[in-house]
Amino acid sequence: MAAAATCGTGTRSTGSVVVAASRNNVTSFQRRGPRASGTDSGCSRLVSIAGTRPSVRNGQLLVSTGLPALDQLLGGGLAVGTVLLIEEDKYNIYSPLLFKYFLAEGIVTGHTLLVASAKEDPADILQELPAPLLDDNCKKECDEDICNHKTESNIKMKIAWRYQLLPKMEARPVSSSRFGHYYDVSKRIPQELIEASKWHGFFLPEKISSTLNVEPCSLNHGYIKLLQFIQNIIYEEGFDGSNPQKKQKNILRIGIQNLGSPLWGDDICWTENCDSSHSLTKFLYMLRGLLRTSLSACIITVPTHLIQNKAIIARVTNLSDTVVGLESFIGSEKETNPLYKDYHGLIHIRQIPQLNNLIYDVSDVKDLAFKLKRKLFTIERLHLPPDLSDTVSRSSKQDLAESAKLLGPGCGMTARGKKHLDF
């Protein structure tokens, strides 16, 4: 009975509170404060890093690739802790531009750079970075390119409806946004910006001695040295978050050029059944482990067109987070094709990272082309020009008449004489 009385009393007191709350129009639900939410405080810390922003899709911290059009295709930018793999074009003309854009963006935003190469001295690579275009100058340059493009085709033409429904690519910078910059490829970055930046260089010929005896290992000596160099920079400068006293956090941008080429001591480019076939894949696996636990982002250029074993290309793609391929028209039949006269090559978004999702985020745009203008490298949606001629463009009437004669009586009874077929 006592228990029942106690229970009844509790019920009546609760009911009286609800009635009183309803009379005063006061709800019993309270909004959680910002201090109690760890996610909000975490986002505020991430946004405070210069040159970064959180993704609107999954909250991942993003950095710019240095090419705003490419950032847009990758879902807003390159996620921190991931690898961007660039499949080099055949003559290695346009892929170094994306590599330099990534490094130049790091200098402008104040990020720390780590440049690794087996071909060029990292100091020489930094001297060849493009100059940034800021605000008014950038808008002026973009307007000049747009005007020059309009003078070439001053006749307004209608294109197919499927291209009209596609969203427009970003053609000019937004003055209010400080994420991502535009660069002038005809000018070099000022020497003052290079001297004010913090960077580390890894030049393979200087790190390896020709008389050094290397023990047999699944990784070649160049890859081992590079992994040790990257690991030391991450741990010593606190990019792994091990130094809680470091209040000002920064991003480490890693750039590795021509990875997998013979210059790195890898033989996957000239033989299909190579003994060190797992050397490159194991390097990428260990590199991703370092990136996942640090505030760093990496861009790698690989000459995939030289790799004979297609299975290795598939493994390299799976071990990378984002894969972008460049297909140049130089030396191919598409160079003389009038359909591609306004472009210099195609760009393929082969893979977008799976971050905090169960499925991959596939780009909704498949037909992409790039062209190198006088000062800007642009990415546009590929569309075929309309055929405005009144004559038959695909074949002449004489060819159609000759093909009609070759048809059997059962197939071309209506095509007699020199009348062409209508489909």
Side-chain angles (χ1 to χ4, degrees), residues 41-42 45-52 54 60-65 77-85 99 102-103 105-107 109-118 121-123 125-126 194 196-209 212 214-215 217-257 259-260 264-265 278-301 319-322 353 355:
S41 60
R45 288 197 305 269
L46 294 178
V47 177
S48 63
I49 303 179
T52 63
Q60 187 75 23
L61 191 65
L62 302 177
V63 295
S64 175
T65 60
L78 180 63
V80 174
T82 61
V83 177
L84 169 60
L85 178 68
F99 186 80
F102 181 81
L103 299 179
E105 182 69 19
I107 291 182
T109 54
H111 296 167
T112 304
L113 300 184
L114 193 157
V115 186
S117 176
D121 194 325
I125 296 177
L126 295 182
I194 299 178
S197 63
K198 185 176 182 181
W199 62 277
H200 306 274
F202 181 91
F203 190 38
L204 184 63
E206 296 178 353
K207 300 293 182 179
I208 296 181
S209 175
L212 182 64
V214 183
E215 298 180 358
C217 179
S218 58
L219 280 175
N220 64 35
H221 193 60
Y223 293 161
I224 295 177
K225 283 288 186 180
L226 181 56
L227 279 175
Q228 292 175 351
F229 185 79
I230 295 175
Q231 185 178 12
N232 292 336
I233 297 299
I234 291 177
Y235 291 161
E236 291 177 0
E237 300 192 8
F239 290 104
D240 59 338
S242 59
N243 188 7
Q245 297 179 354
K246 187 178 180 180
K247 297 181 180 180
Q248 188 66 26
K249 295 184 178 181
N250 202 356
I251 301 295
L252 176 63
R253 286 177 176 253
I254 304 173
I256 306 175
Q257 195 177 44
L259 190 68
W264 285 94
H278 297 284
S279 183
L280 178 60
T281 54
K282 190 172 182 179
F283 170 81
L284 293 175
Y285 181 81
M286 299 176 68
L287 176 63
R288 275 214 313 185
L290 291 174
L291 298 179
R292 287 293 193 269
T293 58
S294 62
L295 290 175
S296 57
C298 181
I299 182 173
I300 300 176
T301 63
L319 289 173
S320 304
D321 299 296
T322 307
L355 302 173

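- The structure places OG of Ser279 at 8.0 Å from CD1 of Ile224, a figure rounded to the nearest 0.5 Å.
- Once rounded to the nearest 0.5 Å, the distance linking CZ of Arg253 with OG1 of Thr65 reads 8.0 Å.
- Counting all heavy atoms, side chain and backbone alike, Gln60 lies closest to Val80 at NE2-O, 3.3 Å.
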Checklist entry - What do the steps show when you test Trp199 against Leu103 for side chain to side chain contact (heavy atoms under 4.5 Å, CB included), and what is the final call? => result CA-CA 10 Å; Trp199 62 277; Leu103 299 179; over 6 Å; no
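- Heavy-atom minimum distance, Gly106 versus Leu113: CA-CD2, 4.0 Å.
- Residues meeting the side chain to side chain contact (heavy atoms under 4.5 Å, CB included) test with Glu236, sequence neighbours left out: Asn232.
- Atoms CG and NE2, on Leu204 and His221 in that order, are 9.0 Å from each other to the nearest 0.5 Å.
- Across all non-hydrogen atoms, the minimal contact from Ile49 to Thr52 is O-OG1, 2.7 Å.
- Residues Leu227 and Leu290 have side chains in contact (heavy-atom distance under 4.5 Å, counting atoms from C-beta outward).
- A side-chain donor-acceptor contact under 3.5 Å links His111 to the backbone of Ala50.
- Exactly one residue among Leu85, Val83, Leu280, Thr281 makes a side-chain contact (heavy atoms from CB on, under 4.5 Å) with Leu319. That residue is Thr281.
- With rounding to the nearest 0.5 angstrom, the CG atom of Leu84 is 8.5 Å from the SG atom of Cys298.
- Annotation: the span from Ile125 atom CD1 to Gln257 atom CD amounts to 4.5 Å, rounded to 0.5 Å.
- Across all non-hydrogen atoms, the minimal contact from Leu295 to Asn250 is CB-O, 3.7 Å.
- Evaluation of the side chain to side chain contact (heavy atoms under 4.5 Å, CB included) rule for Phe229 yields Leu114, His200, Phe202, Lys207, Ile233 as partners, not counting sequence neighbours.
- Ile300 CD1 to Phe99 CZ: the interatomic distance, rounded to the nearest 0.5 Å, is 9.5 Å.
- Residues Ile254 and Leu291 are in side-chain contact: their nearest non-hydrogen atoms beyond the backbone lie under 4.5 Å apart.
- Phe283 approaches Leu259 most closely through the heavy-atom pair CE2-CD2, 3.6 Å.
- The shortest heavy-atom contact between Trp264 and Gly222 is CZ3-O, 4.3 Å.
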Run the numbers on Leu252 and Glu237 for side chain to side chain contact (heavy atoms under 4.5 Å, CB included), then give the verdict. CA-CA 10 Å; Leu252 176 63; Glu237 300 192 8; 5.8 Å; no
Step-by-step side chain to side chain contact (heavy atoms under 4.5 Å, CB included) determination, Tyr223 to Leu284:
CA-CA 10 Å; Tyr223 293 161; Leu284 293 175; over 6 Å; no
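- With sequence neighbours excluded, the residues forming a side chain to side chain contact (heavy atoms under 4.5 Å, CB included) with Ser64 are Asp71, Glu105, Phe179, listed by chain and number.
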